[in-house]
Amino acid sequence: MSRAALLVLADGRFPAGGHAHSGGAEAAVEAGRIRNAEDLAAFCRGRLHTVGLTSAALAAAAAHGLDPLALDEAADARTPSPALRAVARKLGRQLMRAARATWPSPELAALAEARPRGAHQPVVLGLTARAAGLGPEDAAHCVAYEAVSGPATAAVRLLSLNPFEATAVLARLAPELDRVAEQAAAAVGHGIDALPAASAPLLDVTAEAHAAWPVRLFAS
């Protein structure tokens with residue numbers, strides 16, 4: 001296992017397209033639910049313990065070696081919003097291109113062939129972690145971090161929030177991020193049906209509304 005590979009995969013500059021998405025922060029800012037660093041912390045904490053946990057478990061399961069096609073179906077079942085399903089598959093397709101160029105593997109090639117329009121991003125990320133020699137908890141950490149770093153970065157642009165404050169939010173959430181990653185990885189041994197299915201209905205509702213906005217800064 002290479003810790004350097006973990007840093008490459010978790011780096012926000014890895015060309016997987018995540019920078020164009022706010023993780024629901026743009027709609028939350030528009031609705032007045034994120035106005036400052038304190039609101040951002042609450043939003044990120046809620047996202048981490050719901051959709052963050054669910055996605056982290058899917059990634060950990062893929063890294064562990066569970067069937068990625070079955071995991072992709074499980075991800076569909078855990079994503080009620082059509083807009084978010086489309087986003088997850090688009091991000092999965094973009095990540096797949098970067099992953100196969102960086103850590104080519106037969107498993108990634110097989111998933112790309114089976115899902116030409118893209119598998120769900122957490123599943124692709126878990127399989128990418130596996131190709132890079134990383135384990136389930138590493139994959140879970142990557143996804144859990146994405147769940148909070150995306151909204152934090154978006155809030156800096158949307159609110160002209162002080163980037164030091166946004167980074168401090170992420171630092172204070174670090175112990176919770178570790179616990180979510182551990183919980184996600186621990187669930188893998190119980191099979192796909194036992195993976196977490198925590199949800200955030202307001203994120204689903206606002207994602208559908210956001211997708212219909214004629215003008216927006218972020219794709220989601």
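All residue numbers in this chain count up from 1 along the given sequence.
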Novice: If I compare all heavy atoms of P163 with all of V156, which pair ends up nearest, and what's the gap?
Specialist: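 Distance-wise, the nearest heavy atoms are CA-CG2, 4.0 Å.
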Novice: To the nearest 0.5 Å, what is the distance between NE2 (H120) and NZ (K90)?
Specialist: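 Separation between the atoms: 15.0 Å.
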Novice: Do NZ/NE/NH1/NH2 and the carboxylate oxygens of E176 and R45 come within less than 4.0 Å?
Specialist: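 Salt bridge present between E176 and R45.
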Novice: In Å and rounded to the nearest 0.5 Å, what is the CD to CZ distance from E26 to R157?
Specialist: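 Output value for this atom pair is 9.0 Å.
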Novice: Looking only at non-hydrogen atoms, find the nearest pair between P196 and A57 and report the distance.
Specialist: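 Closest pair (atom of P196, atom of A57, distance): CD-CB, 3.4 Å.
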Novice: What's the verdict on side chain to side chain contact (heavy atoms under 4.5 Å, CB included) for S199 and T54, showing C-alpha distance, side-chain angles and the deciding distance?
Specialist: CA-CA 8 Å; S199 63; T54 299; over 6 Å; no
Novice: Please name the pair of heavy atoms, one in V188 and one in A61, separated by the smallest distance, quoted to 0.1 Å.
Specialist: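 The answer is CG2-N, 3.5 Å.
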Novice: Salt-bridge test for R89 and D76: reply yes if a basic N is under 4.0 Å from a carboxylate O, no otherwise.
Specialist: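 Result for this pair is yes, salt bridge flagged.
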Novice: Side chain to side chain contact (heavy atoms under 4.5 Å, CB included) between L195 and L71: does it pass, once the steps are laid out?
Specialist: CA-CA 10 Å; L195 293 178; L71 286 169; 3.7 Å; yes
Novice: Please give me the minimum heavy-atom distance between E107 and L127, naming the atom from each residue.
Specialist: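 Of all heavy-atom pairs spanning E107 and L127, the closest is O-CD2, 3.5 Å.
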Novice: Could you tell me which non-hydrogen atom of F14 sits nearest to which non-hydrogen atom of A99, and how far apart they are?
Specialist: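 Looks like CZ-N, 4.4 Å.
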Novice: Can you give me the closest heavy-atom contact between A207 and A83, atom names plus distance?
Specialist: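 In this case the closest contact between A207 and A83 is O-CB, 3.9 Å.
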Novice: Drop me the distance from R47's CZ to S55's OG, to the nearest 0.5 angstrom.
Specialist: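 Here the rounded value is 7.5 Å.
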Novice: Is the backbone of A28 close enough, under 3.5 Å, to the side chain of R33 for a donor and an acceptor to pair up by distance?
Specialist: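 Answer holds: no.
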Novice: Out of curiosity, does L91 fall in the hydrophobic cluster containing V8 (side-chain heavy atoms, cut-off under 4.5 Å, transitive links)?
Specialist: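 No, separate clusters.
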Novice: Would you say the side-chain atoms of H64 pair up with the backbone N or O of A60, donor to acceptor, closer than 3.5 Å?
Specialist: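 No, H64 side chain to A60 backbone: no donor-acceptor pair under 3.5 Å.
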Novice: Closer than 3.5 angstrom, by distance alone: can the side chain of D11 be matched with the main-chain N or O of L7 as a donor-acceptor pair?
Specialist: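 A pair under 3.5 Å: no.
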Novice: Looking only at atom types and distance, does a side-chain atom of D178 sit under 3.5 Å from a main-chain N or O of P175, one as donor and one as acceptor?
Specialist: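 Looks like no, no N/O pair under 3.5 Å.
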Novice: Other than L84, what residues sit in its cluster of Ile, Leu, Val, Met, Phe, Trp and Tyr side chains whose heavy atoms are under 4.5 Å apart, directly or through others?
Specialist: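 Cluster partners of L84: none, it stands alone.
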Novice: Can you find a side-chain donor-acceptor pair between Q121 and E146 that sits under 3.5 Å?
Specialist: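 Yes - a donor-acceptor pair under 3.5 Å links their side chains.
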Novice: Could you grab the distance from atom CG of L6 to atom SG of C142, nearest 0.5 Å is fine?
Specialist: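 Answer rounded to 0.5 Å: 5.0 Å.
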Novice: Please collect all ring pair (Phe, Tyr, Trp, His ring centres under 6.0 Å) contacts where either partner lies in residues 171-212, sequence neighbours excluded, each pair once.
Specialist: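 As it turns out, the ring pair (Phe, Tyr, Trp, His ring centres under 6.0 Å) pairs with a partner in residues 171-212, which skip direct neighbours, are H210-W213.
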Novice: For the pair S220 (side chain) and H21 (backbone), establish whether a donor and an acceptor sit closer than 3.5 Å, ignoring hydrogens and angles.
Specialist: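 Judged by distance alone, no pair lies under 3.5 Å.
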Novice: When you look at T153 and H19, which way does the side chain to side chain contact (heavy atoms under 4.5 Å, CB included) test go after all the steps?
Specialist: CA-CA 8 Å; T153 301; H19 65 279; over 6 Å; no
Novice: Linking directly or through intermediates, with side-chain heavy atoms under 4.5 Å: list the remaining ILVMFWY members grouped with F43, chain and number order.
Specialist: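 V29, I34, L40, L48, V51, L53, Y145, V148, L158, L159, L161, V169, L170, L173, L177, V180, L203, L217, F218, which link up through side-chain heavy atoms under 4.5 Å apart, make up the rest of the cluster.
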Novice: Indicate, with yes or no, if L134 and L95 share a hydrophobic cluster defined by side-chain heavy-atom contacts under 4.5 Å among Ile, Leu, Val, Met, Phe, Trp and Tyr.
Specialist: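 Both belong to a single hydrophobic cluster.
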Novice: To the nearest 0.5 Å, what is the distance between CG on D72 and CG on L111?
Specialist: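 If we round to the nearest 0.5 Å, D72:CG and L111:CG are 7.0 Å apart.
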Novice: Within the side chain of R78, is there an N or O that forms a donor-acceptor pair under 3.5 Å with the backbone of A198?
Specialist: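 No, R78 side chain to A198 backbone: no donor-acceptor pair under 3.5 Å.
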Novice: With a sphere of 6.0 Å drawn around CZ of R85, does it hold more than 12 non-hydrogen atoms of other residues, nucleotides or ligands?
Specialist: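 Correct, the count exceeds 12.
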